[in-house]
A.B. asks: 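One structure follows; several queries about it will come next.
Keep in mind that the numbers below use all heavy atoms, side chains included, and drop hydrogens, waters and symmetry copies. When a ligand or atom number is given, it counts from 1 through the structure's own listing order. Only a predicted model underlies this, so the values are computations on that prediction, with no experimental measurement involved.
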Amino acid sequence: MKAALLAMPLLLAGCDLSMTKQARHDAQGGATLWQDGPAASDDAPAGTVAQDQPARDAAATTPPHVTPALLARGEDRYRIFCTPCHAETGNGLGRVVQRGFPRPPAFGNQDNPRRTADAITRGYGAMYPFADRIEPDDRWAIAAYVEALKTLQPGQGK
Ligand code: HEC
């Protein structure tokens, strides 16, 4: 036992623990992993699907049941993302519009939850898409709130 303890420092001294000597790729260097490719690539191989993609696709196409909680969430998100242009009342006279952005029409009969969710996802004319900022569940929540806005204030902004 004593001999083993004494021998320990000698054994450890023999090891090279330097982390500079390990297999690695240089930053911006090439790699054989991809043909003529860099060691680091953010190009996902063709056909790559995010783990939660099927669930997200399902959420984007299936409207949830409208509940008070959904409407509250929709109001919260609407105030953040939509009021700059559509205004709190939905009449399309938000701050950004008051400073020159094209005025959206007041929400009306032409809109339904699916169309609103679609406008959020893909954008609509001068309105840019929000797919990268608003999750599918929240798109439906906002769309439900827009329906509520229409019934609360029918015909406003005309
Ligand atoms: C930067 C300003 C802006 C923001 C922010 C914005 N919109 Fe719009 N929206 C517009 C404009 C402008 C139009 C009309 C576009 C056109 O006709 O070219 C429009 C159109 C729409 C329409 C279609 C209206 C119709 O005629 O059927 C819907 C629905 C809509 N927006 C919903 C939303 C929702 C919900 C949000 C928040 C997630 C939102 N918008 C955020 C500017 C905006």
A.B. asks: Has ligand 1 got any nitrogen or oxygen that is less than 3.5 angstrom from a nitrogen or oxygen of Ala126?
C.D. replies: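 In this structure, Ala126 places an N or O atom under 3.5 Å from an N or O of ligand 1.
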
A.B. asks: Could you tell me if any non-hydrogen atom of Pro84 lies under 4.0 Å from any atom of ligand 1?
C.D. replies: no

A.B. asks: Does only the side chain of Phe107 get under 4.0 Å from ligand 1, or the backbone, or both, or neither? Count heavy atoms.
C.D. replies: side chain

A.B. asks: Do Pro63 and Arg114 have side chains that approach each other closer than 4.5 Å (heavy atoms only, starting at C-beta)?
C.D. replies: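 Yes, close enough: below the 4.5 Å cut-off.
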
A.B. asks: Identify the protein heavy atom lying closest to atom 1 (C) of ligand 1, giving its residue, its atom name and the separation to 0.1 Å.
C.D. replies: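 Answer for atom 1 (C) of ligand 1: Cys85 SG, 2.6 Å.
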
A.B. asks: Quick test: of every protein heavy atom, which one is nearest to atom 7 (N) of ligand 1, and how far off is it to 0.1 Å?
C.D. replies: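 Here the closest protein heavy atom is His86 NE2, 2.8 Å.
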
A.B. asks: Counting both backbone and side chain atoms, is some N or O of Arg115 under 3.5 Å from an N or O of ligand 1?
C.D. replies: yes

A.B. asks: If we only consider heavy atoms of Val96, is any one of them less than 4.0 Å away from an atom in ligand 1?
C.D. replies: no

A.B. asks: Between ligand 1 and Arg103, is the shortest N or O to N or O distance under 3.5 Å?
C.D. replies: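 By distance alone, the answer is no.
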
A.B. asks: Specify side chain, backbone, both or neither for Arg77, according to which of its non-hydrogen atoms lie closer than 4.0 Å to ligand 1.
C.D. replies: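 Under 4.0 Å from ligand 1, Arg77 contributes no heavy atoms.
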
A.B. asks: Checking side-chain contact (heavy atoms from CB on, under 4.5 Å) for the pair His86/Met127: CA distance, chi angles, key distance, verdict?
C.D. replies: CA-CA 11 Å; His86 289 272; Met127 172 182 149; 4.1 Å; yes

A.B. asks: Check each heavy atom of Cys82 against ligand 1 and say whether those closer than 4.0 Å belong to the side chain, the backbone, both or neither.
C.D. replies: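 Answer for Cys82: both.
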
A.B. asks: With a 4.5 Å cut-off on side-chain heavy atoms, are Asp138 and Arg73 touching?
C.D. replies: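 Yes; the side chains approach each other to less than 4.5 Å.
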
A.B. asks: Using a strict cut-off of 4.0 Å, indicate which atoms of ligand 1 neighbour a heavy atom of Ile142.
C.D. replies: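 Heavy-atom distances to Ile142 below 4.0 Å select 35 (C).
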
A.B. asks: Any Lys/Arg nitrogen of Glu135 or Arg139 sitting under 4.0 Å from an Asp/Glu carboxylate oxygen of the other?
C.D. replies: no

A.B. asks: Distance check, rounded to the nearest 0.5 Å: Leu149 atom CG versus Thr89 atom OG1?
C.D. replies: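 Interatomic distance, Leu149 CG to Thr89 OG1, rounded to 0.5 Å: 7.5 Å.
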
A.B. asks: Around atom 12 (C) of ligand 1, find the nearest protein heavy atom and jot down its residue, atom name and distance.
C.D. replies: Pro102 O, 3.4 Å

A.B. asks: Is any side-chain heavy atom of Glu147 closer than 4.5 Å to one of Phe107?
C.D. replies: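 Counting from C-beta outward, Phe107 and Glu147 never come under 4.5 Å.
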
A.B. asks: Could you check atom 10 (C) of ligand 1 against the protein and tell me its nearest heavy-atom contact, residue, atom and distance included?
C.D. replies: Met127 CB, 3.4 Å

A.B. asks: Residue-level breakdown please: for Ile134 versus ligand 1, do any non-hydrogen atoms fall below 4.0 Å on the side chain, on the backbone, on both, or on neither?
C.D. replies: side chain

A.B. asks: Could you tell me whether Arg133 sits above the aromatic face of Phe130, with NZ or CZ closer than 6.0 angstrom to the six-membered ring centre and within 45 degrees of the axis?
C.D. replies: yes

A.B. asks: Looking only at protein heavy atoms, which one is nearest to atom 14 (C) of ligand 1, and how far off is it?
C.D. replies: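 Nearest protein contact, heavy atoms only, for atom 14 (C) of ligand 1 is Pro105 CD, 3.9 Å.
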
A.B. asks: Is the shortest side-chain heavy-atom distance between Pro84 and Arg95 below 4.5 Å?
C.D. replies: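 No - every pair of side-chain heavy atoms lies 4.5 Å or more apart.
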
A.B. asks: Who's the nearest protein heavy-atom neighbour of atom 15 (C) of ligand 1, and how far?
C.D. replies: Tyr124 O, 3.3 Å

A.B. asks: Counting C-beta onward and ignoring hydrogens, is there a side-chain heavy-atom pair between Val97 and Pro102 closer than 4.5 Å?
C.D. replies: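 Sidechains of Pro102 and Val97: no contact.
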
A.B. asks: Tell me, please: is Tyr78 in heavy-atom contact with ligand 1, that is, under 4.0 Å?
C.D. replies: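 False for this residue.
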
A.B. asks: Any side-chain heavy atom of Pro64 within less than 4.5 Å of one from Leu70?
C.D. replies: yes

